[in-house]
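Step one of this worksheet: look at the structure below.
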Amino acid sequence: LSRRFRSACTALAVAVALVVALPGCGGGDDDGGAAPAASENARVELREITFIPSTVAVFTGGTVTWVWNDGNTRHNVVGDDFESDLVAEGTFRHTFDAPGTYDYVCTIHPSMKGKVVVTDR
Ligand SMILES: [Cu+2]
């Protein structure tokens, strides 16, 4: 076997490794790395068509407050058992009385996704 063939194989292996690694990187970015530590209450900003931070963690009974800060761009906050109005300003609050992971979205911006992780103290 030629040296050229072996180096082609090495290049292929590297390319495969990159393709395999990329989805893992994307997943990590979604959550901003490790899950945040839970706190009594949390605040999420709606800015640049993004929930910031995308994941917050509160203790059971904690309240999350969403704060609109995206100019004239309207957004909403919609989960399985909570839903704000579709508006361009103001705040929305929801208290989480049971542990679990609550995914939510802005229904008019498919890329806007967030998550609230609720844990017992
Ligand atoms: Cu939106």
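Just so you know, ligand 1 is whichever comes first in the structure, and atom 1 is the first atom listed for that ligand. These values consider heavy atoms only, across backbone and side chains, with no hydrogens, waters or symmetry-generated copies.
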Please determine, by modelled atom types, if Ser84 and Asn76 share a side-chain donor-acceptor pair under 3.5 angstrom. no
Pair Phe96 and Phe59, ring centroids less than 6.0 Å apart: no
CG-CD1 distance between Asn69 and Ile52, expressed to the nearest 0.5 angstrom: 8.5 Å
Contact between Val64 and Val56 at the side-chain level, heavy atoms closer than 4.5 Å - yes or no? yes
Please give me the protein atoms (N, O or S only) lying under 2.8 Å from the Cu ion (ligand 1), ordered by chain and number. His75 ND1, Cys106 SG, His109 ND1, Met112 SD
Check the orientation of Tyr104 and Trp66. Use parallel for under 30°, tilted for 30 to 60°, and perpendicular for over 60°. perpendicular
Does a side chain donor of either Thr65 or Arg93 reach within less than 3.5 Å of an acceptor in the other side chain? yes
